[in-house]
*Asks:* 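Here it is, the structure, as structure tokens.
All chains are named by letter (A, B, ...) in the order of the sequence lines, taking the proteins before the strands, and each is independently numbered beginning at 1.
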Protein chains: 2
Amino acid sequence: MTDQLGRRERKKAATRQAISNTALAMFLERGYDAVGIREVAEAADVAVTTVFAHFPSKEALVFDRDQGLQDRLVRAVSDRDPSRSAPDALREELHAMVREFTPSAASPFWQLVASSPDLLDYEAKMWQRHAEALSVAIAADFGRSAPIPADRALAYYVLGVFRLAREAADPAAAVDEIMDLIAAAWRAAPTG
Amino acid sequence: MTDQLGRRERKKAATRQAISNTALAMFLERGYDAVGIREVAEAADVAVTTVFAHFPSKEALVFDRDQGLQDRLVRAVSDRDPSRSAPDALREELHAMVREFTPSAASPFWQLVASSPDLLDYEAKMWQRHAEALSVAIAADFGRSAPIPADRALAYYVLGVFRLAREAADPAAAVDEIMDLIAAAWRAAPTG
DNA sequence: TTGTGAAAAGCTAACGGTTAGCGTTATCGT
DNA sequence: ACGATAACGCTAACCGTTAGCTTTTCACAA
């Protein structure tokens with residue numbers, strides 16, 4: 001578990017963890033807007049500048065955990081069983097994701113995110129950052145080496161399912177309803 | 001032109017115009033980031049608090065002009081010649097909009113917007129604010145009194161065309177390419 | 001072991017957008 | 001003419017964020 005990391009990098013990672021843990025705990029306890037960066041730094045016993053040395057923004061403190069979630073859709077396309085269509089693989093993955101983050105069984109974490117417009121905006125941009133990667137995977141699925149606008153559009157639509165489904169009364173049903181639209185659009189996309 | 005407005009409201013409107021005009025001129029001349037709110041207030045000869053009494057944010061100063069642009073897509077659906085399909089009407093409207101704001105013949109105003117991430121974000125949110133209105137119009141087109149997730153998805157897709165087309169090498173071709181996808185999705189949407 | 005360079009962390013001070021609190025003036029309805 | 005209130009102003013601050021510069025801590029080689 002000591003990972004062959006030098007003392008230096010271990011301490012750096014520890015500082016980062018301490019800041020992130022402290023911040024998340026404070027946000028969950030008192031609310032995102034009610035806790036300032038200066039307070040977080042104070043509680044973690046570091047300087048404000050150190051906080052920003054590890055995290056590019058206040059919002060990034062919150063989302064330090066669920067890294068890797070973003071790549072699930074890309075992998076669902078790229079690493080799928082070749083016998084399945086890409087839209088089918090995406091549909092299943094989206095079902096799983098929505099099941100985890102559905103508002104009824106909402107974890108405190110997602111309630112926190114939902115409580116702040118800043119965090120919702122930041123989350124939306126996190127997804128958009130992966131739109132390009134997903135569009136490349138989709139282009140490859142069509143046999144293209146680079147994405148055309150139609151590929152980017154499909155990626156944009158798939159990434160939107162999560163948001164739209166979360167806001168729907170029945171998220172699981174919404175995933176199917178919307179994926180039916182996307183599957184139809186997929187069939188209409190230029191091939192080769 | 002005096003509009004039976006009282007002196008009070010005329011003065012208020014005049015102040016608002018003065019602030020907006022001054023700000024936009026300064027932004028265009030020196031760049032959005034290089035001009036601070038305090039400078040704008042100074043140049044317009046008002047207090048900083050007065051600026052924020054008229055505009056909710058610095059970004060809103062820039063977009064005070066092109067109000068009404070947002071409703072074009074909603075009107076394209078609601079007020080169209082009944083002989084045409086909604087996707088066809090939207091396609092034409094989107095072609096017109098992309099023609100006006102294409103980067104080649106970009107007006108200084110749109111160059112200003114493109115120069116600042118803050119302004120691009122704000123613009124994106126302006127569109128999203130109209131997603132609900134467009135989804136209602138689309139639901140009505142299907143004979144529904146309230147939008148279902150599929151309607152919201154279609155609205156989301158149509159609003160995305162503008163952004164995707166602007167980033168494409170050939171914006172006009174991209175509009176057609178993407179609208180073909182949307183038309184296919186439209187056909188797959190639940191009816192009634 | 002010691003010296004050296006660099007990464008990590010710290011401090012101070014500020015900037016720019018935004019807001020709260022509170023007073024002042026002008027205008028409106030009666 | 002008068003009281004209510006909208007519009008505006010001033011001051012002072014808060015908050016996220018960054019620049020500039022110093023100090024601590026480690027890695028590595030002489």
*Asks:* For the pair made of NZ in A/Lys11 and P in D/dA27, what is the distance, rounded to whole Å?
*Replies:* 9 Å
*Asks:* Walk me through it: do A/Val51 and A/Lys58 pass the test side chain to side chain contact (heavy atoms under 4.5 Å, CB included)?
*Replies:* CA-CA 9 Å; A/Val51 174; A/Lys58 184 186 180 185; over 6 Å; no
*Asks:* Between B/Phe52 (CZ) and D/dA12 (P), how many Å, whole number?
*Replies:* 19 Å
*Asks:* Would you call the rings of B/Trp127 and B/Phe162 parallel, tilted or perpendicular, where under 30° means parallel and over 60° means perpendicular?
*Replies:* tilted
*Asks:* Using heavy atoms and a sub-4.0 Å distance, could you list which residues of residues 112-124 of chain A are near DNA chain C? By number, please.
*Replies:* none
*Asks:* Answer yes or no: does a side-chain N or O of A/Thr49 lie under 4.0 Å from OP1 or OP2 of C/dA9?
*Replies:* no
*Asks:* Is there a side-chain contact between A/Tyr32 and A/Val113 in this structure, where contact means two heavy atoms from C-beta onward sitting under 4.5 Å apart?
*Replies:* no
*Asks:* Write down the distance between CD (B/Glu39) and P (C/dG17), rounded to a whole number of angstrom.
*Replies:* 9 Å
*Asks:* What nucleic acid atoms does B/Asp45 come within less than 4.0 Å of, heavy atoms only: base, sugar-phosphate, or nothing?
*Replies:* sugar-phosphate
*Asks:* Is A/Arg80 paired with A/Asp88 through a side-chain N to carboxylate O contact shorter than 4.0 Å?
*Replies:* no
*Asks:* Under 4.0 Å, heavy atoms only, any strand: does B/Val46 hit a base, just the sugar-phosphate, or nothing?
*Replies:* sugar-phosphate
*Asks:* Rounded to whole angstroms, how far apart are NZ on B/Lys12 and C1' on D/dA7?
*Replies:* 8 Å
*Asks:* Tell me the salt bridge (Lys or Arg N to Asp or Glu O under 4.0 Å) pairs involving residues 177-192 of chain B, sequence neighbours left out?
*Replies:* B/Arg91-B/Asp180
*Asks:* On the side chain of B/Thr15, is there an atom forming a donor-acceptor pair with the base of D/dC8 - under 3.5 Å, no angle test?
*Replies:* no
*Asks:* For A/His54 and D/dG16, what is the distance between atoms NE2 and C1' respectively, to the nearest whole Å?
*Replies:* 18 Å
*Asks:* Once you round it to whole Å, what is the distance between P of D/dG16 and CD of A/Glu59?
*Replies:* 9 Å
*Asks:* Please report, rounded to the nearest Å, how far the P atom of C/dA8 is from the CD atom of A/Glu9.
*Replies:* 8 Å
*Asks:* So which pairs with a foot in residues 166-185 of chain B pass ring pair (Phe, Tyr, Trp, His ring centres under 6.0 Å), sequence neighbours left out?
*Replies:* none
*Asks:* Below 4.5 Å, heavy atoms only, C-beta onward: do A/Leu90 and A/Trp186 meet side chain to side chain?
*Replies:* yes
*Asks:* Using whole Å, what does the distance between atom C1' of nucleotide D/dC14 and atom CD1 of A/Ile37 come to?
*Replies:* 14 Å
*Asks:* On DNA chain D, nearest-nucleotide positions of B/Val51 versus A/Arg38: which is more 5'?
*Replies:* B/Val51
